[in-house]
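Heads up: the structure comes next, in structure tokens.
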Amino acid sequence: MQAKTNPEVDNFLKEKKHPLTLEIQEVRRIILESDHRIEETIKWKTPTFMYKGNIASFFFNAKKFVSLMFHKGALIPDVSGLLEGDGKESRVARFYGLEDIGKKKGALQDVIKEWIKIQDTKK
């Protein structure tokens, strides 16, 4: 299935010229293809993924890996261990190159699908 991208995010990434743009684009594609209802926008000066609330945003300060912050990651069941951190709410996923992204693709899609399940069962 072809991911539906937001031209605003396309332009942002083109202008950003991050050294890991290829890897960022791959993580983006995996997230958007996880479920057709996921949307993306620029929020907090970074690409952000949403479904009935904010799911995750890229954190561009890292230059050696792709950093993706899950805003309410502490709520998401993650049997794979993809999500790191012990903060009250947020969790981070890190991807160290295209090979690592490939290895973590299933775990990333599972985390996204768990978020959707949580949002769909809210009253």
Side-chain angles (χ1 to χ4, degrees):
M1 171 180 30
Q2 180 69 26
K4 69 173 181 201
T5 59
N6 180 338
E8 183 182 17
V9 175
D10 292 334
N11 290 333
F12 177 92
L13 291 173
K14 204 176 292 173
E15 290 172 14
K16 188 78 176 161
K17 294 183 169 94
H18 193 278
L20 298 174
T21 297
L22 187 64
E23 291 83 353
I24 290 164
Q25 290 284 21
E26 181 64 6
V27 171
R28 177 185 181 205
R29 183 190 65 76
I30 291 167
I31 292 171
L32 292 173
E33 288 181 357
S34 294
D35 190 290
H36 70 279
R37 299 171 289 177
I38 295 171
E39 296 178 354
E40 63 176 356
T41 191
I42 301 297
K43 200 171 196 180
W44 306 293
K45 299 181 182 175
T46 191
T48 300
F49 302 95
M50 300 165 304
Y51 175 75
K52 296 183 180 180
N54 301 310
I55 303 171
S57 298
F58 284 110
F59 187 67
F60 286 114
N61 287 1
K63 302 290 188 231
K64 296 188 186 297
F65 57 87
V66 174
S67 183
L68 189 63
M69 184 189 65
F70 286 79
H71 303 279
K72 302 270 186 192
L75 300 175
I76 303 172
D78 173 30
V79 295
S80 70
L82 176 72
L83 302 180
E84 303 173 25
D86 57 6
K88 185 178 169 188
E89 291 193 351
S90 69
R91 295 288 183 271
V92 176
R94 292 184 177 101
F95 303 92
Y96 299 87
L98 290 174
E99 187 177 328
D100 189 48
I101 293 167
K103 288 178 186 170
K104 294 176 178 174
K105 177 181 178 178
L108 177 57
Q109 288 175 325
D110 289 345
V111 165
I112 297 295
K113 289 173 184 175
E114 287 295 332
W115 171 263
I116 290 169
K117 264 194 245 176
I118 291 167
Q119 296 306 96
D120 284 349
T121 56
K122 278 186 175 179
K123 300 281 184 231

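Note that the numbering runs from 1 along the sequence shown for the chain. The figures that follow rest on heavy atoms only: side chains count, while hydrogens, waters and symmetry mates do not.
Ser34 and Ile30 get closest at one heavy-atom pair: OG-O, 2.8 Å. Closest of all the heavy-atom pairs between Leu83 and Asp78 is N-OD2, 2.7 Å. Contact detail for Thr121 and Ile118: the closest heavy-atom pair is OG1-O, 3.1 Å.
Counting only distance, with no hydrogens or angles, the side chain of Glu114 and the backbone of Pro77 share no donor-acceptor pair below 3.5 Å. Of the possible polar contacts, one joining the Thr46 side chain to the Phe58 backbone as a donor-acceptor pair under 3.5 Å is found.
Cluster membership for Trp44 and Val27, using ILVMFWY side-chain heavy atoms within less than 4.5 angstrom, is not shared. Under a hydrophobic-cluster definition in which Ile, Leu, Val, Met, Phe, Trp and Tyr are linked whenever side-chain heavy atoms come within less than 4.5 Å, directly or via other members, Leu82 and Ile116 are assigned to the same cluster. Note on Val111 and Phe59: separate hydrophobic clusters, where clusters join Ile, Leu, Val, Met, Phe, Trp and Tyr whose side-chain heavy atoms are under 4.5 Å apart, directly or indirectly. Both Ile42 and Tyr51 belong to a common hydrophobic cluster when Ile, Leu, Val, Met, Phe, Trp and Tyr are linked at side-chain heavy-atom distances under 4.5 angstrom.
Legend: residues meeting side-chain hydrogen bond (donor to acceptor under 3.5 Å, both in side chains) with Asp110, ordered by chain and number and at least two apart, are absent. Remark: Thr21 engages no residue in a side-chain hydrogen bond (donor to acceptor under 3.5 Å, both in side chains) (not counting sequence neighbours). Contacts of Phe12 classified as ring-ring contact (aromatic ring centres under 6.0 Å, His included), with partners at least two apart in sequence or in another chain: Phe60. Remark: Glu23 pairs with no residue by the side-chain hydrogen bond (donor to acceptor under 3.5 Å, both in side chains) rule, at least two apart or across chains.
At a threshold of 4.5 Å between non-hydrogen side-chain atoms, the residues Thr48 and Met50 count as touching. Phe49 is listed as a side-chain neighbour of Leu32, based on a closest heavy-atom distance under 4.5 Å. Side-chain contact between Glu40 and Thr5: present, with at least one pair of heavy atoms (C-beta onward) separated by less than 4.5 Å.
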Got a list of side-chain donor-acceptor pairs under 3.5 Å for residues 100-109, not counting sequence neighbours?
| unit_1 | atom_1 | unit_2 | atom_2 | d |
| --- | --- | --- | --- | --- |
| Asp100 | OD2 | Tyr96 | N | 2.8 |
| Asp100 | OD2 | Lys104 | NZ | 2.9 |
| Lys103 | NZ | Glu99 | OE2 | 3.4 |
| Lys104 | NZ | Arg94 | O | 2.8 |

Ignoring hydrogens and angles, write down the donor-acceptor pairs under 3.5 Å from the side chains of residues 65-75, residues two or more places apart or on other chains.
| unit_1 | atom_1 | unit_2 | atom_2 | d |
| --- | --- | --- | --- | --- |
| His71 | NE2 | Ser57 | OG | 2.8 |
| Lys72 | NZ | Glu89 | OE1 | 3.2 |
| Lys72 | NZ | Glu89 | OE2 | 3.4 |

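Residue pairs meeting the salt bridge (Lys or Arg N to Asp or Glu O under 4.0 Å) criterion with at least one member in residues 46-64, sequence neighbours excluded: Lys52-Asp120. Counting only residues at least two apart or on different chains, the side-chain hydrogen bond (donor to acceptor under 3.5 Å, both in side chains) pairs with a member in residues 7-19 are Asp10-Arg28.
Expressed to the nearest 0.5 Å, how far CD1 of Ile55 lies from CD1 of Ile112 amounts to 5.0 Å. The CD1 atom of Ile76 lies 14.0 Å from the NZ atom of Lys113; values are rounded to the nearest 0.5 Å.
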